[in-house]
Amino acid sequence: MQHVGSIPPVPADSHLKMIQKPQPAETKAPRLGKALKRAFFARSVHEVAPDLIGATLLLDGVGGIIVEVEAYHHTDPAAHSFRGPTPRNLVMFGPPGFSYVYRSYGIHWCVNFVCEKEGSASAVLIRALQPTHGIPAMRRRRGLHDERTLCSGPGKLCEALGITIKHSELPLDAPPISLHARIGDAEIVTGIRIGITKAVDFPWRYGLKGSRFLSKAF
DNA sequence: CTCTTGATCTTCT
DNA sequence: GAAGATCAAGAGC
């Protein structure tokens, strides 16, 4: 706990709230930082990726704080764009600031943010969120799950937010998507990426140090 | 806790 | 026909 504010006056009709269990501070919806514009993504994917840690991703107001991402680039053998444009990955070759959603293992959806500039075909895979907004809606979509594992993986967070192929190629700074900058500093950790078989040694996985909402410990 | 496996679709060989 | 930027459940320790 880094800050404790003054205690607000208690409204006369708030007696029901008084008997609720106190929530851990990290599960309360924190205030949102300034909205990220498309230009935020017009930089190296390795600058954008760590800057996304601590930012908040919402789809129709439901989502949470990004705690884990991975960076991919067309020169990277592990990237979907490595072998050139295809119908699936075409949006990666377009301008930055758009979503790229793909089907994973025939079952799951995963979402990326396109970065850099037209033709560079780089993107950040969003791998885990700390749920903060619309937690009941996310629980309904995911079934019975504890908060820690609600969005602790790229397929899980898409299911929780209701992301499907319909949400591919959408601008990241317009409804139904919104992104909000991190407030203050974050301690970023890096490591090798998860679940790939090519270019396995590049340390292009970025995470929020100590978070309990990661897909896997660093 | 770790390890294995099935589910199921798109892309590429 | 095989592989893949995954997940959940079940077996074993």
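Keep in mind the model is a prediction, meaning the values are calculated, not measured. In what follows, chains are A, B, ... by sequence order, proteins preceding strands, each numbered from 1.
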For [X] and [N], what is the distance between atoms [atom1] and [atom2] respectively, to the nearest whole Å?
{"X": "A:Lys216", "N": "C:dC7", "atom1": "NZ", "atom2": "P", "result": "13 Å"}
{"X": "A:Tyr102", "N": "B:dC12", "atom1": "OH", "atom2": "P", "result": "14 Å"}
{"X": "A:His80", "N": "C:dT6", "atom1": "NE2", "atom2": "P", "result": "9 Å"}
{"X": "A:Glu68", "N": "C:dA5", "atom1": "CD", "atom2": "P", "result": "16 Å"}
{"X": "A:Ile107", "N": "C:dA3", "atom1": "CD1", "atom2": "P", "result": "17 Å"}
{"X": "A:Arg193", "N": "C:dG4", "atom1": "CZ", "atom2": "P", "result": "14 Å"}
{"X": "A:Lys156", "N": "C:dT6", "atom1": "NZ", "atom2": "C1'", "result": "9 Å"}
{"X": "A:Arg103", "N": "B:dC12", "atom1": "CZ", "atom2": "C1'", "result": "18 Å"}

Heavy atoms only, 4.0 Å cut-off, all strands: where does [X] land among base, sugar-phosphate and nothing?
{"X": "A:Ile196", "value": "sugar-phosphate"}
{"X": "A:Arg205", "value": "nothing"}
{"X": "A:Arg88", "value": "sugar-phosphate"}
{"X": "A:Ser215", "value": "nothing"}

(message) For a side-chain contact (heavy atoms from CB on, under 4.5 Å) check, start with the C-alpha distance between A:Cys151 and A:Met138, then their side-chain angles and the critical distance, and finish with the verdict.
(response) CA-CA 9 Å; A:Cys151 298; A:Met138 292 194 277; 3.8 Å; yes
(request) Could you tell me how the ring of A:His46 sits relative to the ring of A:Tyr206: parallel (under 30°), tilted (30 to 60°) or perpendicular (over 60°)? (result) tilted
Is any side-chain nitrogen or oxygen of [X] closer than 4.0 Å to OP1 or OP2 of [N]?
{"X": "A:His108", "N": "C:dC7", "value": "no"}
{"X": "A:Lys198", "N": "C:dA5", "value": "no"}
{"X": "A:Arg142", "N": "C:dA8", "value": "yes"}
{"X": "A:Thr197", "N": "C:dG4", "value": "yes"}

(request) Provide the Watson-Crick or G-U wobble partner of C:dC7, both distances under 3.5 Å; none if there is no partner. (result) B:dG6
(request) Find the distance between CD (A:Glu70) and CZ (A:Arg127) and round it off to the nearest 0.5 Å. (result) 4.5 Å
(request) For A:Ala78 and for A:Glu159, find the nucleotide of DNA chain C with the closest heavy atom, then tell me which residue's nucleotide is more 5'. (result) A:Ala78
(request) May I ask you to check whether A:His73 and A:Thr75 show a side-chain donor-acceptor distance below 3.5 Å? (result) yes
(request) Report the C-alpha distance between A:Tyr100 and A:Tyr102 in whole Å, list the side-chain angles of each, state the deciding distance to 0.1 Å, and finish with yes or no for ring pair (Phe, Tyr, Trp, His ring centres under 6.0 Å). (result) CA-CA 7 Å; A:Tyr100 163 45; A:Tyr102 70 93; 5.7 Å; yes
(request) Indicate, yes or no, whether a donor-acceptor pair under 3.5 Å links the base of C:dA5 to the side chain of A:Tyr105. (result) no
(request) State whether the aromatic ring of A:Tyr72 stacks on the base of C:dA5, taking stacking to mean ring centres under 5.5 Å apart and ring planes under 30° to each other. (result) yes
